[in-house]
Amino acid sequence: MTTRTVDTTQELAAFLRTRRERLDPRDFGLPSRRQARRTPGLRREEVAELAGVSTDYVVRLEQGRGLRPSADVVEALARALRLAPDERAYLFNLAQQRPRNAGKAATTAAPQLARLVTDLSPLPAMLMNHRYDILAWNSEMTRLLLDFGTLPPSQRNAMWLCLMHPEIREFYVDRERVVREGIAHLRAAWAAHPQDQALTDRIAEFATADEEFARLWAERDIKVNGRGRKVLRHPDLGVIAVDFEVLVPLQDPDQRLVIYRAADPESQSALDRVH
């Protein structure tokens, strides 16, 4: 054991060696070699062939000779070594690269998270992805905001509702701040998922349909709010202040669990009436 900080070059070399040595050549349909294998796993030249790189390159990587492979090479090595998702992420971190398809958008709620949303009752809760698509919600959130189930899937999006829905447009007391912060969060998500065409199309839709969105988007503000306060203008309950918390599950990192709690006793009394 050591207490030194990580030497990413040496750890990358050691990780590649251990992953290569644990592989069974028979799983790859490789022909039997005339000579016996002196070490377990695949040979370096076999990994190189599977990854589409030179054997010398793999040798230098495993010797920790200061190479920094590109994202494409890291992806090819991860496929060649049949890395599990967590191992693949570790390899990208060691190479100081970001996967090109990082964070594919979740389009349905993970069943365990959908059940958690329901179990969080009586707290209003919902589940979203990085595009602000709303994937799951509980009855308290429905009664506080609106029944998302009555909307077509294309409109079950928190930003769309804030910009386009006639009732939700007037729902937030400090609407400009809510929209500004939402756009700043969306821009950060857009940069983190540059190959998400659906997100790019959605942003173009917003910019075309809403002048306020186009103006604020052009300011290029970046802010990711994991917690904060919103003041709501509810048609039946009056003004309600809620504190929100956004949690990201380790197992499903593209899904965001949003939980509302009353910010003061008066708001709690109002929320009690929506249960």
Side-chain angles (χ1 to χ4, degrees), residues 105-109 114 117-118 120-187 189 198-199 201-217 221 223 225 227-246 255-275:
T107 55
T108 58
V117 168
T118 300
L120 281 167
S121 176
L123 295 176
M126 61 182 173
L127 197 67
M128 299 190 298
N129 62 15
H130 70 259
R131 299 173 185 158
Y132 278 134
D133 295 331
I134 301 168
L135 308 178
W137 56 89
N138 62 14
S139 58
E140 284 78 11
M141 187 64 82
T142 293
R143 290 193 287 269
L144 180 63
L145 297 181
L146 55 80
D147 186 353
F148 304 116
T150 64
L151 300 173
S154 64
Q155 295 180 10
R156 292 179 204 154
N157 178 279
M159 181 58 71
W160 188 95
L161 293 171
C162 195
L163 294 173
M164 312 291 187
H165 195 281
E167 295 177 16
I168 302 300
R169 276 186 62 90
E170 307 303 323
F171 193 70
Y172 298 102
V173 172
D174 191 356
R175 181 180 181 278
E176 183 175 352
R177 179 182 63 82
V178 171
V179 173
R180 180 181 292 275
E181 290 181 354
I183 291 173
H185 185 111
L186 199 62
R187 180 173 277 281
L199 176 59
D201 293 344
R202 176 71 86 172
I203 290 168
E205 173 195 353
F206 293 155
T208 301
D210 189 271
E211 292 183 3
E212 181 182 26
F213 182 95
R215 174 176 60 83
L216 294 174
W217 180 261
D221 289 339
K223 186 176 183 180
N225 265 359
R227 64 170 55 97
R229 178 168 295 184
K230 295 179 181 179
V231 182
L232 315 177
R233 189 184 292 109
H234 196 278
D236 300 322
L237 304 174
V239 175
I240 304 174
V242 295
D243 291 329
F244 67 88
E245 194 79 25
V246 182
Q255 304 196 25
R256 286 114 170 92
L257 180 62
V258 182
I259 306 169
Y260 284 180
R261 294 176 296 167
D264 53 55
E266 294 78 12
S267 297
Q268 183 62 63
S269 296
L271 286 179
D272 287 343
R273 299 200 296 276
V274 307
H275 296 161

Closest non-hydrogen atom pair, A209 against M164: CB-CE, 3.4 Å

Nearest heavy-atom contact between L120 and N138 is C-ND2, 4.4 Å

Is there a side-chain contact between K230 and Y260 in this structure, where contact means two heavy atoms from C-beta onward sitting under 4.5 Å apart? yes

Taking R169 for its side chain and R175 for its backbone only, find out whether a donor-acceptor pair lies under 3.5 Å. no

What is the distance from atom CD of E245 to atom CG of N225, rounded to the nearest 0.5 Å? 10.5 Å

Is the shortest heavy-atom distance from the side chain of V179 to the side chain of D210 under 4.5 Å? no

Working to the nearest 0.5 Å, report the span between SG of C162 and CD of E181. 11.0 Å

Ring pair (Phe, Tyr, Trp, His ring centres under 6.0 Å) partners of Y132, counting only residues at least two apart: H185

Rounded to the nearest 0.5 Å, how far does CZ of R233 lie from CD1 of I240? 12.0 Å

Using a 3.5 Å distance criterion without hydrogens, assess whether the side chain of N157 forms a donor-acceptor pair with backbone atoms of R131. yes

Knowing that exactly one of D264, D243, D174 qualifies, which makes a side chain to side chain donor-acceptor pair (under 3.5 Å) with R229? D243

Do the non-hydrogen side-chain atoms of R261 and Q268 ever get within less than 4.5 Å of each other? no

Just verifying a value: how many Å separate T108 OG1 and D133 CG, rounded to the nearest 0.5 Å? 11.5 Å

What's the spacing between M128 CE and R256 CZ if we round to 0.5 Å? 8.5 Å

For E176 and R180, what are the C-alpha separation, side-chain angles and deciding distance, and is it a salt bridge (Lys or Arg N to Asp or Glu O under 4.0 Å)? CA-CA 6 Å; E176 183 175 352; R180 180 181 292 275; 3.6 Å; yes

Apply the test side chain to side chain contact (heavy atoms under 4.5 Å, CB included) to residues L186 and L199: give CA-CA distance (whole Å), side-chain angles for both, the deciding distance (0.1 Å), then the verdict. CA-CA 9 Å; L186 199 62; L199 176 59; 3.9 Å; yes

Taking the side chain as every heavy atom from C-beta outward, state whether H165 and F171 have any atom pair closer than 4.5 Å. no

Give the minimum heavy-atom separation between S121 and E140, together with the two atoms involved. OG-OE2, 2.6 Å

Are L232 and Y172 close enough, and set up right, to give a side chain to side chain contact (heavy atoms under 4.5 Å, CB included), and what steps lead you there? CA-CA 5 Å; L232 315 177; Y172 298 102; 3.4 Å; yes

Search all heavy atoms of A214 against all heavy atoms of A207 and return the closest pair with its distance. CB-O, 3.6 Å

With distance as the sole test, does D221 use its side chain to make a donor-acceptor pair with the main-chain N or O of I183 at under 3.5 Å? no

Correct closest heavy-atom pair for A262 and S267 would be CB-C, 3.8 Å

Distance-only check: which donor-acceptor pairs under 3.5 Å involve side-chain atoms of residues 144-152, not counting sequence neighbours?
unit_1, atom_1, unit_2, atom_2, d
D147, OD1, G149, N, 3.0
T150, OG1, D147, O, 2.7

Distance in Å, I259 CD1 paired with R227 CZ, rounded so as to fall on 0.5 Å steps: 11.0 Å

Check: W217 main-chain N/O paired with R187 side-chain donor or acceptor under 3.5 Å: yes

Compare every heavy atom of L237 with every heavy atom of A270, then report the nearest pair and how far apart it is. O-CD1, 3.5 Å

Determine whether W160 and R202 satisfy the following criterion, side chain to side chain contact (heavy atoms under 4.5 Å, CB included), listing intermediate values before the conclusion. CA-CA 9 Å; W160 188 95; R202 176 71 86 172; 3.6 Å; yes

